[in-house]
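Predicted, not measured: the structure shown is a model, and the values here were computed from it.
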Amino acid sequence: MRRDNTSLFNNLPIHHKLRTISAIPLASLILFSLLTWNNVQTFSEAEERLNNLYLTQKTAAEYMRLVVDLETGFRGYVLTENESDLEPYQNALTDLRVVANELNNRLVEGHQADIQEHEFKSLQTLVNQLMTEKETLIHDIKAGHKPVSLHYIQDGRGRALMSQVRALMARLDQRERASTVDGLSRMNTDRWSTLLAILGGGLFTCFLIGWGNYAIAKSIAAPLVILSKAVSSPSDGSVPTIPVFDRKDEIGGLSRVMQRMNLQTQKALDELQQSANSLRTLNQNLAASEAKYRSLVDHAPIGIFMTRASQILFSNRHNQLLAGFDPDKQIDPASFRKRIHPEDADRVMLEFLRAIAEKRPCEMIFRFVHSDGGTRNILSRLVPIRDLSTPSPMYIGFNIDITALHTLELHLSRSEKLATLGQVAAGIAHELRNPLVGIGSTASLLLDDFEYSDPRRAEIEVILQESTRMDRIVNQIVDYARPRGLAPNRFRFSDLINDTLRAMSGPLQGDNVRITTSLSLTDDHLHADQDQIKQVLINILSNAIDASPSVDSAIEITAHEVSQHDKPGISIRILDTGKGIPPDALSRIFEPFFTSGKRRGTGLGMAICKNIVEAHHGDIFVTSEVGRGTTVNIWLPLSQDPQPELP
């Protein structure tokens with residue numbers, strides 16, 4: 001009977017044997033896994049309860065510490081009557097309310113919630129009484145009745161309340177400790193039950209797997225060992241004699257097929273081994289070459305990137321650094337396009353698309369804007385490369401940081417302009433100021449000689465007004481050309497805004513313009529030259545008023561704290577809803593004597609603003625959209641370095 005069963009099992013196909021043998025331990029494993037999962041769930045719930053108990057005890061300790069800080073701060077204030085000694089008391093009073101709410105919520109959610117909530121209410125009543133007494137006594141001290149507070153301390157009334165508070169807190173802590181011990185006991189029980197389930201299930205499953213392996217080994221492995229020994233027994237390379245098994249399964253068929261195909265199989269294995277060795281060597285060489293060139297590209301001191309059409313496929317570390325990204329993080333390639341300066345983005349894309357259409361290299365200069373507001377000037381060259389795997393043109397690009405060169409060029413150009421303009425301004429001041437003073441003085445004297453009804457009086461007034469305007473122009477030229485010395489002082493920025501708006505109240509009312517302010521500043525103080533910063537705000541607001549429509553216009557002023565290059569500062573934004581600035585004029589607004597459609601002005605206002613902001617080591621830039629309005633963005637450091645004396 002046993003032999004018949006063995007013969008029947010041997011004649012089964014191999015996959016039926018494997019399924020039969022695998023199903024038995026698998027069922028056992030599933031059963032014990034469910035049991036283990038249930039125990040783990042129970043263990044996790046107990047662990048979560050213990051964590052909640054720990055947080056409750058921690059919150060209760062913090063609550064008691066704040067009560068003690070409250071009492072200590074009060075006693076220090078009573079003894080010194082110093083307002084600074086009252087600060088710990090006020091801080092403890094503020095934090096106590098927050099911690100009390102948190103502790104109450106945890107006690108309500110915990111074990112024995114009704115008892116704990118009742119005891120905590122009693123505790124809160126005592127603490128509230130303690131705080132009420134302290135507030136009353138502090139009020140008495142401020143009113144000059146300090147003896148009442150001293151008697152309160154000497155009589156020990158506060159200590160009596162503190163003793164009751166400590167007793168209630170000790171009772172709460174004792175109950176929480178008991179809950180913790182109970183939770184630990186349950187966790188220990190759950191842990192042992194889980195370990196027993198895992199150990200017992202594992203042993204039983206291992207037994208079933210061992211029994212199955214024995215059956216498989218006897219039915220499958222033993223014949224395969226015989227075939228293996230038969231194949232490996234010849235040592236002279238001749239075709240071995242393969243035994244044939246009288247079985248109806250795959251092993252019987254395999255033994256019959258191996259007898260005929262042994263030579264062909266051996267030949268195929270030799271060829272496969274040779275191919276595998278060649279492929280392994282080729283892959284190793286390719287991986288070494290790729291690693292070498294990738295290391296060279298990643299650590300190159302210039303930005304390198306690759307595109308398919310206008311889509312960026314690859315960027316090295318230095319290129320991410322140029323765009324203001326972390327070189328060690330993976331980023332979305334589309335993010336590079338967002339970092340191009342708004343004034344350069346359209347031009348860069350247009351030039352690149354033209355180069356793609358003509359399949360030629362292109363070279364351009366643009367700016368990357370970092371998240372902190374800083375900019376990098378970039379010289380970019382893109383070269384087409386041939387890729388037969390895709391019809392889209394492939395380009396490899398090289399970005400070089402020319403910020404330092406650009407800055408030197410700007411400084412040189414600006415220095416040359418200032419030197420020339422200084423000479424012109426000195427000549428103008430010498431040649432025009434004295435005649436203008438004479439003209440103005442004479443016109444004023446003549447104006448007094450004419451009656452108000454005299455028609456010639458209007459002509460004299462025109463002479464006086466125009467001489468005053470010419471004097472103002474000369475002063476602006478001299479002010480722009482002279483070295484910018486600072487007299488920094490510490491002041492409240494909100495006060496400066498209010499002073500500026502009061503100074504501009506006439507133009508605002510005359511042009512029917514309203515101004516809204518939104519100042520989100522943690523520290524409202526700014527260390528700068530107050531008069532010069534006020535002049536910047538007045539110049540920009542004058543331009544905004546001049547550009548605003550005459551009916552119900554609005555100007556928005558916002559300010560918030562922003563750091564640039566790890567230096568704290570304030571970002572000021574002045575936004576108007578005027579006619580906007582055309583793109584061709586936007587790049588020239590800081591040039592001296594440049595105006596664009598203004599009703600009045602000399603074209604020096606924005607140039608003077610830039611001088612003042614740069615003298616404060618700040619930054620100013622303007623964005624505008626025709627028909628929508630203009631936004632002036634200013635960044636100033638919160639403090640100035642000591643200023644050298646001007647010669």
Side-chain angles (χ1 to χ4, degrees), residues 302-305 307 310-312 315-316 318-327 331-356 362-382 395 397-411 413-414 540 558 560 562-565 567 569 571-576 580-591 594 596 606-607 609-610 613-614 617-636:
I302 63 172
I304 302 175
F305 61 96
T307 70
S310 60
Q311 180 183 2
I312 297 178
S315 173
N316 72 339
H318 194 77
N319 198 49
Q320 292 185 196
L321 194 63
L322 292 179
F325 296 115
D326 188 341
I331 62 169
D332 183 9
S335 302
F336 285 94
R337 191 174 302 172
K338 299 177 182 178
R339 287 296 175 93
I340 299 177
H341 198 287
E343 297 175 4
D344 303 335
D346 294 339
R347 173 179 58 81
V348 169
M349 288 305 301
L350 182 61
E351 291 183 13
F352 186 36
L353 291 176
R354 286 177 181 172
I356 292 175
C362 69
E363 186 174 291
M364 64 194 79
I365 296 177
F366 60 90
R367 291 166 291 174
F368 274 136
V369 181
H370 293 186
S371 58
D372 60 1
T375 60
R376 291 286 187 116
N377 294 81
I378 303 299
L379 171 63
S380 181
R381 179 169 179 83
L382 295 102
Y395 274 78
F398 306 92
N399 286 341
I400 302 175
D401 187 357
I402 60 170
T403 304
L405 178 62
H406 181 74
T407 302
L408 290 175
E409 290 177 349
L410 289 179
H411 286 173
S413 175
R414 187 171 183 81
I540 295 173
T558 62
H560 61 278
V562 174
S563 295
Q564 284 193 13
H565 306 295
K567 189 171 185 179
S571 176
I572 309 164
R573 188 182 72 165
I574 302 175
L575 183 149
D576 66 60
I581 305 173
D584 56 340
L586 186 62
S587 60
R588 302 182 58 196
I589 59 173
F590 294 115
E591 295 181 7
F594 177 78
S596 176
M606 293 304 292
C609 289
K610 186 174 182 66
V613 171
E614 289 182 348
H617 306 288
D619 189 21
I620 179 171
F621 67 94
V622 180
T623 59
S624 184
E625 186 175 350
V626 176
R628 298 289 297 275
T630 301
T631 302
V632 180
N633 298 276
I634 303 171
W635 181 85
L636 294 171

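The CG atom of L379 sits 10.5 Å away from atom CG of D401, with the distance rounded to the nearest 0.5 Å. A distance of 11.5 Å separates SG of C609 from CD of E614, quoted to the nearest 0.5 Å. S624 OG to D576 CG: the interatomic distance, rounded to the nearest 0.5 Å, is 7.5 Å. Atoms NZ and CG, on K610 and D619 in that order, are 7.0 Å from each other to the nearest 0.5 Å. Here CG of L636 is found 5.0 Å from CD1 of I572. Values are rounded to the nearest 0.5 Å. The line from CG of D332 to CZ of F325 is 8.5 Å long, rounded to the nearest 0.5 Å.
At distances below 3.5 Å, at least one donor-acceptor pair connects side-chain atoms of H370 with backbone N or O atoms of L322. Between the Y395 side chain and the A355 main chain, a donor and an acceptor come within less than 3.5 Å of each other. Between the side chain of N377 and the backbone N or O of I402, no donor-acceptor pair lies under 3.5 Å. Side chain of S571 to main chain of W635: no donor-acceptor pair is present (N/O by atom type, distance under 3.5 Å, no hydrogens or angles).
Aromatic ring centres of F305 and F336 lie farther apart than the 6.0 Å criterion allows.
Among V632, I574, T631, the one residue that satisfies the side-chain contact (heavy atoms from CB on, under 4.5 Å) test with V622 is V632.
Side chains of H318 and I304 form no contact here, defined as non-hydrogen atoms less than 4.5 Å apart. You'll find the side chain of I540 reaches within 4.5 Å of the side chain of I634, heavy atoms only. Using a 4.5 Å cut-off on side-chain heavy atoms (C-beta onward), T375 and F621 make no contact. With a 4.5 Å cut-off on side-chain heavy atoms, R381 and I400 do not count as touching.
Closest heavy-atom contact between M606 and F590: O-CD2, 3.5 Å. N316 approaches I302 most closely through the heavy-atom pair ND2-O, 3.1 Å. Closest heavy-atom contact between L321 and P327: CD1-CD, 4.2 Å. For the pair V626 and P582, the tightest heavy-atom approach, listed with the atom from each and the gap, is CG2-CA, 3.8 Å. Nearest heavy atoms, G580 versus T630: CA-OG1, 3.6 Å.
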Under 3.5 Å, which donor-acceptor pairs link side chains of residues 340-348 to any protein atom two or more places apart or in another chain?
unit_1: H341; atom_1: ND1; unit_2: E343; atom_2: N; d: 3.1
unit_1: E343; atom_1: OE1; unit_2: R367; atom_2: NH2; d: 2.9
unit_1: D344; atom_1: OD1; unit_2: R367; atom_2: NH2; d: 3.3
unit_1: D344; atom_1: OD2; unit_2: R367; atom_2: N; d: 3.0
unit_1: D344; atom_1: OD2; unit_2: R367; atom_2: NE; d: 2.9
unit_1: R347; atom_1: NH1; unit_2: I365; atom_2: O; d: 3.1
unit_1: R347; atom_1: NH2; unit_2: I365; atom_2: O; d: 2.7

